[in-house]
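Everything quoted here is computed from the prediction, not taken from an experiment.
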Amino acid sequence: MNIFKLLFELFVIYILYKFIFDFIIPVYNTTKQVKQKMNQMQQHMQQNQQAPAQDPYIKTEASPAPKKPSHEDYIDYEEVK
């Protein structure tokens, strides 16, 4: 009976080991990386809000006003009954 108790304890230790090193630690590392990436994105967004003219992807020029359609753009037609 003593051997069964020893085997059971070794099995429990093995299961705890696998749980900690295959689940807990990877989840902890992943959450840490995600948190760092979120902080980096947040800092980047704050920098863009403080100095939008420095960002080459944002156009600050006003777009030209749309042209009014001329009379030549319309087609006259007659209604057929």
Asn2 CG to Leu7 CG distance, which is reported to the nearest 0.5 Å: 10.0 Å

Residues in side-chain contact (heavy atoms from CB on, under 4.5 Å) contact with Met1, at least two apart in sequence or another chain: Phe4

Partners meeting ring-ring contact (aromatic ring centres under 6.0 Å, His included) with Phe8 (sequence neighbours left out): none

ring-ring contact (aromatic ring centres under 6.0 Å, His included) involving Tyr28 - partner list, sequence neighbours excluded: none

side-chain hydrogen bond (donor to acceptor under 3.5 Å, both in side chains) pairs, two or more places apart, involving residues 5-15: none

CD on Gln47 to CD on Gln49, rounded to 0.5 Å: 11.0 Å

Which residues share a salt bridge (charged side-chain N to carboxylate O under 4.0 Å, His left out) with Lys18, sequence neighbours left out: Asp22

For Val12, the option from Leu10, Leu16, Ile15 that meets side chain to side chain contact (heavy atoms under 4.5 Å, CB included): Leu16

Any pair counted as salt bridge (Lys or Arg N to Asp or Glu O under 4.0 Å), so long as it reaches residues 27-51, sequence neighbours left out: none

